[in-house]
Amino acid sequence: MALSKRQRSKVFRGVQYGVLVVVLIVIALVADWGTIKRAFFDFEVMSKLFPDVIFIALKNTIIYTALGFTVGLVLGLVLALMKLSPVPPYRWIATIYIEFFRGIPALLVFIAFNFGIPLAFQVRFDNLTTVTIALAIVGAAYMAETIRAGIQAVPKGQIEAARSLGMSQGRTMATVVIPQAFRIILPPLTNELIMLTKDSSLIYLIGVQYEQLELTKFGRDAMNQYRGMTPILIAGALYLIITLPLGYLSRRLERHTGGKKVS
Amino acid sequence: MTEPAVVITGLKKSFGPLEVLKDIDLTVASGEVVCIIGPSGSGKSTMLRCVNLLEEPTGGKIVVNGVEMTDPDVDIDEARTKIGMVFQSFNLFAHLSVINNLTVAQRKVLKRGEKEAEEIARHNLERVGLTDKANAMPAQLSGGQQQRVAIARALSMSPEVMLFDEPTSALDPELVGDVLGVMRQLADEGMTMLVVTHEMQFAREVADKVLFMDGGYVVEQGPAAEVIGNPQHDRTKSFLARVLNPTHVDDVD
């Protein structure tokens, strides 16, 4: 007897669930649960990690990210305005900057900044400055494009209205265009913040003291010390504590702004 | 009679190879209401936008209240504070409440104090009949209300001339009356107004002078009763026939 279309798709759906269950069972049987528990869920190690993992590592991750994001946002705004400038050299500089720093791994920027700048200019920044500037340089390249798109998404009539009221070009930008642009780009900006949170782990390249450790480096050091994966698990969980609410916020904002697409 | 409010001489405007305004002369006396009518693409909006230099004229001279707008060294921002403009699409600042829409330029451009700016704003909201909407956001208002707020915003700068660029074209028919009512009242108070419009009734009743434009020229101008009631040129006649009697277009051609 031939099945109707609805019945066929029902059977097919059932088979999919079946396969999924089988895969999960196989993984559960093959895995070495004893070792997994010892390696990842060593409660004795966990208890040793606290409170430093919160009050040093998590705190530093947040500080580095916040500083890098703030400086990067300002730099990104400047680059976005340069890219929209009627002055050609400004546009060229902004374009070159954005293409360059978007195109190379953040890791290289950290290396260059930490080892290259002291060699080239005989200056040494402290670690906090280094990580802030390196994150800002990388973040700004991405944020500049987002901000530029946001500025261009503000309707032209808004600018005409502001100019007709006697506002200068600069004042129009500051009081009318940029506030509206940021409303439009809040969701994508939240994504940049999540990316920077993870990029802050690149500080491991710089020899930092114990009080300056952030989550990833803290986790790696603890892993070597205690011979187990538990610290990595904890570090990962703490990243999620930062990034999941941000992701949720981003989705909420997107609904709020009507999911206006910016690209 | 005092000096004229707006004097336009030999105004030309091209967009690339497209010549939109070919040679426009217009004098508007202080307190006069001038309605500009004509088919779309005739250049009437462009001409209006040249008055406050939202469009840069290609040639000619524009003087508003003694200030030459077309002088390259004019302080254009300062000059624009005396020329209010109302747009077809309202263009209220979407991120600001109604009251802030009315105060932002007063405070940042005219450097009025917060209290003074708010007082003037509330007075102008009263003039357009929207006192109760002071704290609303533009998106919460109907089109007609938004346009009245836009008029109040322009009035809050205490302008000497008001420009209206098809102020009712984007409105639902039943909301047009409120906006025209506000404009009529403004005219009665003696405001100098340049109005680009398709509202013939309004032009007929309120305008001191009506300008018919077509193809980048002023084809005909004069008192409203003459231009609309007794047009001399064929182009004016056929345009008016189409506008006033859209269901009988075939009879004219």
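Per chain, numbering begins at 1; letters A, B, ... match sequence-line order.
Annotation: A/Tyr90, atom OH; neighbour count of heavy atoms from other residues, nucleotides and ligands within 6.0 Å does not exceed 12. The environment of A/Phe121 atom CZ is sparse: at most 12 non-hydrogen atoms of other residues, nucleotides or ligands sit within 6.0 angstrom. Enclosure of atom CD in A/Gln16 by more than 12 non-hydrogen atoms of other residues, nucleotides or ligands within 6.0 angstrom is indicated. Within a 6.0 Å sphere centred on CD of B/Glu189, heavy atoms belonging to other residues, nucleotides or ligands number more than 12. No more than 12 heavy-atom neighbours from other residues, nucleotides or ligands sit within 6.0 angstrom of CD on B/Glu119.
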Taking it one step at a time, do B/Asp77 and A/Arg163 satisfy side-chain contact (heavy atoms from CB on, under 4.5 Å)?
CA-CA 7 Å; B/Asp77 296 325; A/Arg163 296 306 304 272; 3.4 Å; yes

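Contact detail for B/Thr81 and A/Leu165: the closest heavy-atom pair is CG2-O, 3.9 Å. The heavy-atom pair separating A/Gly166 from B/Val109 by the smallest distance is O-CG1, 3.6 Å.
For chain A, the nearby part of B/Phe87 is the side chain; its heavy atoms alone come within less than 4.5 Å. Looking at B/Leu54, only its side chain comes within 4.5 Å of chain A, counting heavy atoms on both sides. In this structure, chain A has heavy atoms under 4.5 Å from both the backbone and the side chain of B/Arg153. When heavy atoms are compared at a cutoff of 4.5 Å, B/Leu92 approaches chain A solely by way of its backbone atoms N, CA, C and O. If you measure heavy-atom distances from A/Arg171 to chain B, the contacts under 4.5 Å come from the side chain alone.
Between chain A and the options B/Lys108, B/Met85, B/Arg49, B/Glu78, the largest number of non-hydrogen pairs under 4.5 Å is found for B/Lys108. The candidate with the highest count of non-hydrogen atom pairs below 4.5 Å against chain B, out of A/Lys156, A/Glu160, A/Gln169, is A/Glu160.
Between the side chain of B/His95 and the backbone N or O of A/Thr175 there is at least one donor-acceptor pair closer than 3.5 Å. Of the possible polar contacts, one joining the B/Asn91 side chain to the A/Gly157 backbone as a donor-acceptor pair under 3.5 Å is found.
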